[in-house]
Amino acid sequence: MPELPEVETVARGLQREIAGQKILSISLGKTDFIDNPDVLERELPGRTIVRVERYGKFMLLRLGPVNASAVNGETALLVHLGMTGALMPRPVSEPHAKHTHVVMALSDGRELRYVDPRRFGRMAYLDGEVLTQELQRFGADPLDVGLPEFERRIQRRKARVKALLLDQRVLRGVGNIYADESLWKARIHPAQLGARLKPAQVRQLYSALQKILQKAILLRGSSISDFVDAGGVPGEYQQHHRVYGREGKPCPRCKTPIRRIVVAGRSSYFCPNCQASPRRKSGRRKKSRRGRGKA
DNA sequence: CTCGATCCCTGGACGC
DNA sequence: TGCGTCCAGGGATCGA
């Protein structure tokens, strides 16, 4: 499940591997994850991939102009890997993997292939004002954002802090794994409301999030199911997960069994001891659960 | 503004 | 071995 560190890893690999390559041709399989497949077929052949960047969980393949005298603005191919997407250059001689939906022939003789079994990804060719507007939909990059802005985006919000971390309009790039790991490190319960966080907690969350993301990038991301980078190499950060996917296992800090609950519609792993449960409104405490067993 | 529900989609886990 | 069933999960969308 590619989040910021995994996408960063893939983007760096692609920058190294395919920057400067020209797209000679494109062929599409299933296209229901592509904004405008006909535009891709029309616009991409002949264009050069100038560089590859990460933007939140997107990769931006920045494209050169149609021709030397063209004055069209910035143009880019946006690629979101969704849950199971992979974008990597392969030799033509290698058979296409199952669920290969986009194949671009490159000028160095290889093919840039997009493979995505579940097709939760997204691909779009965007330019000019449309590109600008699309990018503006997203919040701050968690690695670049300063503490004051981070505080402003979290502190007086009524939503649960987990939902805020996952909301790409608040911060771009954080997903379920790194949200849970950061909340554990900062000792904050995922269901706590942003507005109820103490200033010190917001600072701890800010620091925890950046440290965890940076370390995860160094380790080339987390390989949970089958994530591999642009060269086919898995990441190693999954070996450093403290809570994610560890229901029932002891908290690395206090040995209390890790619990899993659903917050903001997502699995959330946390330590019920280290990450204090948000205080409920008075009048309805847990004692009213009498008789209602565990199933 | 925030929430939950629903859908998208396939492979993997599980039960028999 | 081969079914059927359940479920994960980022994001869009809709209704409350």
NZ/NE/NH1/NH2 to OD/OE distance under 4.0 Å, [X] and [Y]:
{"X": "A/Arg266", "Y": "A/Asp180", "value": "no"}
{"X": "A/Glu181", "Y": "A/Lys185", "value": "no"}
{"X": "A/Asp32", "Y": "A/Lys30", "value": "no"}

What distance do A/Tyr125 atom OH and A/Leu61 atom CG have between them, rounded to the nearest 0.5 Å?
12.5 Å

For the atom pair CZ (A/Arg47) and CG (A/Leu40), what is the distance rounded to the nearest 0.5 Å?
11.0 Å

Looking at [X], does any N or O in its side chain come under 4.0 Å of the phosphate oxygens OP1/OP2 on [N]?
{"X": "A/His80", "N": "C/dG11", "result": "yes"}
{"X": "A/Thr84", "N": "B/dT10", "result": "no"}
{"X": "A/Arg157", "N": "B/dC1", "result": "no"}
{"X": "A/Lys57", "N": "C/dG11", "result": "yes"}
{"X": "A/Lys30", "N": "B/dT10", "result": "yes"}
{"X": "A/Gln168", "N": "C/dG11", "result": "yes"}
{"X": "A/Arg118", "N": "B/dC7", "result": "no"}

Residues A/Lys57 and A/Val7: closest non-hydrogen pair is O-CG2, 3.5 Å

Base, sugar-phosphate or nothing for [X]? Non-hydrogen atoms, less than 4.0 Å.
{"X": "A/Arg169", "value": "nothing"}
{"X": "A/Glu3", "value": "nothing"}
{"X": "A/Asp32", "value": "sugar-phosphate"}

With salt bridge (charged side-chain N to carboxylate O under 4.0 Å, His left out) as the test, would you mind laying out the steps for A/Arg62 and A/Glu74 before giving the verdict?
CA-CA 8 Å; A/Arg62 297 281 190 177; A/Glu74 291 283 303; 3.0 Å; yes

Looking at the side chain of [X], which of [options] is the nearest nucleotide?
{"X": "A/Tyr244", "options": "B/dT10, C/dG9, C/dG11", "value": "C/dG9"}
{"X": "A/Lys158", "options": "B/dT2, B/dC9, C/dG11", "value": "B/dT2"}
{"X": "A/His99", "options": "C/dG10, C/dA12, B/dT10", "value": "B/dT10"}
{"X": "A/Phe120", "options": "B/dG11, C/dG10, B/dT2", "value": "C/dG10"}
{"X": "A/Met83", "options": "C/dG10, B/dG11, B/dC3", "value": "C/dG10"}

Which of A/Lys162, A/Gln275, A/Arg259, A/His189 passes side chain to side chain donor-acceptor pair (under 3.5 Å) with A/Ser268? Answer is A/Lys162

What do you reckon, is CZ of A/Arg253 surrounded by more than 12 foreign heavy atoms closer than 6.0 Å?
yes

Through what angle, rounded to 10 degrees, does the axis of the helix from B/dT2-C/dA16 to B/dC16-C/dG2 turn between its ends, using five pairs per end?
40°

Tell me which residues in residues 257-266 of chain A put a heavy atom below 4.0 Å from DNA chain C, sorted by number, or none.
A/Arg260, A/Arg266

